[in-house]
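Inspection log for the structure reproduced underneath, given as structure tokens.
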Amino acid sequence: MADDRLAALTAAGVSIWLDDLSRGRLVSGDLRRLIDDKHVVGVTSNPTIFAAALARGGAYTPQIRELAWRGATVEEAVRQLMVVDVQEACDLFRDVWEASDGVDGRVSLEVNPELAGDREATVLEAVSLMRAVGRPNLHVKIPATRASLPAITEALSLGVDINVTLIFSVERYREVMAAYLAGLERAVDAGVPLPGVHSVASVFVSRIDAEVDKRLEEIGSDAALALRGMAGIANSRLAYQAFRETFAGPRWERLAARGARVQRLLWASTGVKNAAYPDTMYVTELAVAGTVNTMPEATLDAFADHGSLRGADNGEAVNGRAAEAGEVIDAIAAAGVDFAEVFTVLERDGVGRFARSWADLHGTVRQSMGAAG
């Protein structure tokens, strides 16, 4: 049944990606097993995931000793440790990448989060990571801060495949798609073949519910409490409506005629953060063809065990429900939740979290190299 449920999700047009990567998964063969048995066709990572993996040590020790012996700096060591993991994962997914014509089989590696406000440095880092990994199925992750939007456009115009991360508001998501289209147009001017340019836009889900629910509970009225657990899915449905509107019409059709691909919607942060909610809700309710759902392994296992789809037309969970979703968002706002503030807090927290993890990652490597030396 586990295989049947995940196979059904795949048949519904959802690409299952794992939101985790570590040397241990690679060495043990666990990632290979997930590809073979659990329909996993991609993997995402971020500084927090790498920091946690490095903190567990073990599988990284031989490479850290070698780097210390060679006299590598901490910065160089961190880069090499991450690049090796990503290269090996890219190689595992190479057949998936080829079979899907480059759509799936993707592995993500994030730029230094400390560069989020520096366009030139972010682009240089994106190009440097692409060259260091040297695999065609890499996605370079760039956060969707307003300051990073020009960097996303420029990197895409240079042929770098981008996973735009930390998208919370529909307004920012529209700006991300505009940056993508601008990148494709500049790629045309630069002579970059559009069929080879790929991107996903990662819209976060459960973090929105966690922040909105906290505010609804502070308000405390019956009307407010009845709206808990509804904001994340409603916001995602509005994002999907924005996706449908953007990838239609003359501007997109001109690019599509040159072989451009849509920037796929990726549902991120799909593990529930409130144990009172169904543990597969962000999979079931967002199962629409052409999207990606990047899941922590606990969510993947939960869906394999007892997940379900909504029916014959699973896309109706999202498609055509923008009006209903708008009513939910309006009701939450009427209850006293300031969504503009929610989205600002979530973006600031997301970038800050990754920056702290980046610092932790360097601290762990520094300590390990010192011990190795």
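Side chains are part of it too, since the values below use all heavy atoms of this structure and drop only hydrogens, waters and symmetry mates. Note that the numbering runs from 1 along the sequence shown for the chain.
A distance of 8.0 Å separates CE of Met177 from CZ of Phe243, quoted to the nearest 0.5 Å. Here the CD1 atom belonging to Ile49 is positioned 4.0 Å from the CG atom belonging to Asp19, to the nearest 0.5 angstrom.
Among residues at least two apart or in separate chains, ring pair (Phe, Tyr, Trp, His ring centres under 6.0 Å) pairs with a member in residues 141-174 are Phe168-Phe204.
The aromatic rings of Phe247 and Trp252 sit perpendicular to each other, their planes meeting at more than 60°, with 30° as the lower class boundary.
Residues Arg70 and Glu66 are paired through a salt bridge, judged by an N-O separation under 4.0 Å between the basic side chain and the carboxylate.
Remark: side-chain polar atoms of Thr344 are paired, donor with acceptor, to backbone N or O of Ala340 under 3.5 angstrom. The backbone N or O of His198 lies less than 3.5 Å from a partner atom in the side chain of Asp161, making a donor-acceptor pair. Between the His39 side chain and the Ile35 main chain, no donor and acceptor come within less than 3.5 Å of each other. Judged by distance alone, with hydrogens and angles left aside, the side-chain atoms of Arg264 form a donor-acceptor pair with the main-chain N or O of Val103 at under 3.5 Å. No donor-acceptor distance shorter than 3.5 angstrom exists from the side chain of Thr284 to the backbone of Met281, with no hydrogens or angles considered. No side-chain donor-acceptor contact under 3.5 Å links Thr299 to the backbone of Met295.
Looking at heavy atoms from C-beta onward, Tyr282 lies out of side-chain contact with Ser269 at the 4.5 angstrom threshold.
Each of Asp85, Val140, Asn163, Val133 was scored for a side-chain contact (heavy atoms from CB on, under 4.5 Å) with Leu109, with one residue passing: Val133.
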